[in-house]
Amino acid sequence: MATVKLTDVKKIYDNKVVAVHEFNLEIKDKEFVVFVGPSGCGKSTTLRMIAGLEDISEGTIEIDGKVVNDLQPRDRDIAMVFQNYALYPHLTVFENMAFPLRLRRFPVEVEGEPAEGEKEPVENKEGEEDSKEKKIQYVKLSQDEIYKRVTEAAEILGITEYLTRKPRALSGGQRQRVAIGRAMVRESKVFLMDEPLSNLDAKLRNQMRAEIIMLRQKIDSTFVYVTHDQTEAMTLGDRIVIMKDGFIQQVGTPNEVFEMPDNLFVAEFIGAPKMNIIHTELVNEGGKYSVVPYGTKIPVDGYKGELLASKNVESQQILLGVRPEHIVLTAKSNPAAIPCTIQVNEMMGSELHLHVVTDQGGEQLIVRVPTIDLTPAQRAAMVSGAKVFITFEGKVMHFFNKETEISLITDNENVPVATHKDETDDVVKEEQPAKKSLFAKFRKNKGE
Ligand code: ADP
Ligand code: MG
């Protein structure tokens with residue numbers, strides 16, 4: 001059992017930077033949770049606070065229902081893998097992995113006063129209350145136990161045959177596995193990983209990602225994994241915590257954050273190429289909804305229309321989001337067709353990424369077209385300057401309030417708005433003026 005609960009956790013660094021604001025999250029036993037967001041959004045700070053490597057300014061952190069705010073890192077029963085793992089070059093793989101076990105003593109709970117020289121760990125029986133007589137005693141692991149743990153971890157990671165090698169005789173991926181192994185041997189209840197794959201090249205990263213998924217099935221731990229890479233987050237996480245400027249933007253399963261982003265930031269952060277954002281009007285005619293991108297009226301049919309109706313959303317200017325893979329090519333005769341001109345055609349193999357410019361408004365959109373749907377003649381015709389007609393259905397549309405950038409159909413009442421009003425946030429805000437430039441882009445396109 002290892003749950004991790006963060007309640008109103010806040011971190012203010014000495015230089016007054018508010019790195020993390022009111023962070024609230026309950027991580028379930030054996031859950032794999034990923035913190036994702038752009039650089040500087042507070043992922044590492046939060047992870048380090050869980051580990052105890054960083055003090056928390058406000059709030060509480062509980063591991064297994066026990067407040068650990070004042071516990072030393074070594075008493076929290078956690079293991080951590082960093083981006084910049086350093087292996088000892090003069091030690092073998094075995095000794096690199098055994099090192100943390102030899103170095104430290106492990107806390108065990110013992111009944112009453114520990115006897116002189118007592119080294120045997122005492123099991124805390126299931127359901128047993130902590131009694132006053134229990135004392136934490138620090139014991140060293142036996143040679144046999146160290147050997148057992150290292151060889152078992154090596155087996156799981158597939159590095160048994162390298163145990164006698166030095167790190168310089170290993171590939172990048174193998175070294176990364178040793179670093180993970182070094183954390184595994186501690187058999188901690190919680191496994192924290194901070195961008196463990198960032199230093200690897202793209203191919204190795206994909207391979208290690210798959211290995212971490214398999215590893216996770218073999219280790220009985222709760223995982224908290226930090227990355228700036230949305231693909232890693234989507235593929236690894238049971239749940240994803242999307243962060244920006246120290247605020248949680250949304251917590252959900254990969255499916256939830258992809259299908260139902262709570263705000264524009266999440267919508268654009270998850271998915272590649274990123275979601276197209278169209279400045280248009282949402283029209284409510286007696287509960288029947290439509291949007292009018294670039295002068296073309298498209299009905300909001302299906303469940304998205306029903307959701308808008310159930311929330312009684314009024315007609316208004318909105319930011320309409322449509323993912324590139326949800327836009328399709330259509331015939332000129334389709335009343336919902338938006339005429340465009342191809343600017344760039346990126347051939348990706350299984351699909352084309354068409355960068356098109358709308359004839360009305362002159363805005364750039366990205367359209368993903370599966371090549372299998374096109375005849376050779378059609379493919380050959382997709383050249384720069386060619387005319388195409390695009391459209392999309394109601395069920396793929398995302399609707400955001402123009403000012404707050406919050407989804408018009410979210411059920412979450414605590415979605416952070418695009419512009420944070422918290423005055424302690426000034427320093428962070430100055431550093432990240434990204435949203436302003438987004439609006440500037442729209443204004444420019446609208447000629448405002
Ligand atoms: P991430 O891991 O998401 O890239 P961090 O948690 O490292 O972000 O940093 C969050 C914010 O806190 C950033 O603005 C960063 O500059 C700041 N920060 C991080 N560490 C320190 C520190 N030791 N002292 C002061 N500010 C820090
Ligand atoms: Mg970081």
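Atom set for the values below is all heavy atoms of this structure, side chains included, hydrogens, waters and symmetry mates excluded.
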Check your understanding: T227: what forms a side chain to side chain donor-acceptor pair (under 3.5 Å) with it, not counting sequence neighbours?
Key -> E232

Review point. If every non-hydrogen atom of N284 is compared with every non-hydrogen atom of S315, which pair is closest and at what distance?
Key: N-OG, 2.8 Å

Considering only distance and modelled atom types, tabulate donor-acceptor pairs under 3.5 Å from the side chains of residues 341-350, sequence neighbours left out.
unit_1 : atom_1 : unit_2 : atom_2 : d
T341   : OG1    : D359   : OD1    : 3.2
T341   : OG1    : K387   : NZ     : 3.4
Q343   : OE1    : Q364   : NE2    : 2.4
N345   : ND2    : M382   : O      : 2.7
E346   : OE1    : H355   : NE2    : 2.8

**Study point:** Side chain Y289, main chain V313, donor-acceptor under 3.5 Å
**Key:** yes

Point to revise | Minimum-distance pair of heavy atoms, taken over all atoms of P273 and R368 | key: CD-CD, 3.6 Å

Check your understanding: About how many Å separate CD of E195 and CZ of F82, when rounded to the nearest 0.5 Å?
Key -> 12.5 Å

Study note, to complete from the structure: Rounded to the nearest 0.5 angstrom, the OG-NE2 distance for S407 and H398 is 9.0 Å

Check your understanding: Do T391 and I327 touch side chain to side chain, with heavy atoms closer than 4.5 Å?
Key -> no

Point to revise | CE on M49 to CG on L192, rounded to 0.5 Å | key: 12.0 Å

Point to revise | Q207 CD: over 12 foreign heavy atoms closer than 6.0 Å | key: yes

Review point. What distance separates I50 CD1 from M80 CE, expressed to the nearest 0.5 Å?
Key: 9.0 Å

Point to revise | Pairwise distance CG(L282) to CG(N401) - rounded to 0.5 angstrom | key: 11.0 Å

**Study point:** Considering all heavy atoms, the nearest A309-G287 contact
**Key:** CB-O, 4.1 Å

Exercise for review: Only counting residues at least two apart or in another chain, list the ones meeting ring-ring contact (aromatic ring centres under 6.0 Å, His included) with F191.
Suggested key: F223

Practice item. Using atom types as modelled and distance alone, determine if a side-chain donor or acceptor of R76 lies under 3.5 Å from a backbone N or O of V68. Key: yes

Practice item. Sequence neighbours left out, what pairs pass side-chain hydrogen bond (donor to acceptor under 3.5 Å, both in side chains) with at least one residue falling in residues 305-314? Key: K311-D411

Review point. Is the closest basic N to carboxylate O distance between R216 and D238 below 4.0 Å?
Key: yes

Review point. When you measure from the side chain of T410 to the backbone N and O of N412, does any donor-acceptor pair fall under 3.5 Å?
Key: yes

Check your understanding: What are the two closest heavy atoms between P73 and G52, and how far apart are they?
Key -> CG-O, 3.4 Å

Point to revise | Enclosure of D55 CG (heavy-atom neighbours >12, cutoff 6.0 Å) | key: no

Practice item. Quick one: list whatever passes salt bridge (charged side-chain N to carboxylate O under 4.0 Å, His left out) with E187, sequence neighbours left out. Key: R149

Review point. Does E58 reach the main-chain N or O of K10 with its side chain, forming a donor-acceptor pair under 3.5 Å?
Key: no

Practice item. With rounding to the nearest 0.5 Å, note down the distance linking CG in L6 to CD1 in I27. Key: 6.0 Å

Exercise for review: Output yes when K395 and D301 qualify as a salt bridge under the 4.0 Å nitrogen-oxygen rule, no when they do not.
Suggested key: no

Exercise for review: Report, as yes or no, whether the 6.0 Å neighbourhood of atom NZ on K218 holds more than 12 heavy atoms from other residues, nucleotides or ligands.
Suggested key: yes

Check your understanding: Does the ring centre of Y225 sit less than 6.0 Å away from the ring centre of F32?
Key -> yes

Point to revise | Any side-chain donor near an acceptor of the partner, D29 and T3, under 3.5 Å | key: no

Check your understanding: Should F265 and F247 be marked as a ring pair (Phe, Tyr, Trp, His ring centres under 6.0 Å) after you check the CA-CA gap, both sets of side-chain angles, and the distance that decides it?
Key -> CA-CA 12 Å; F265 177 79; F247 285 91; over 10 Å; no

Review point. Has the side chain of N24 got a donor or acceptor atom that lies under 3.5 Å from a matching backbone atom of D8?
Key: yes

Practice item. Apply side chain to side chain donor-acceptor pair (under 3.5 Å) to N414 and list each qualifying residue two or more places apart in sequence or on a separate chain. Key: none

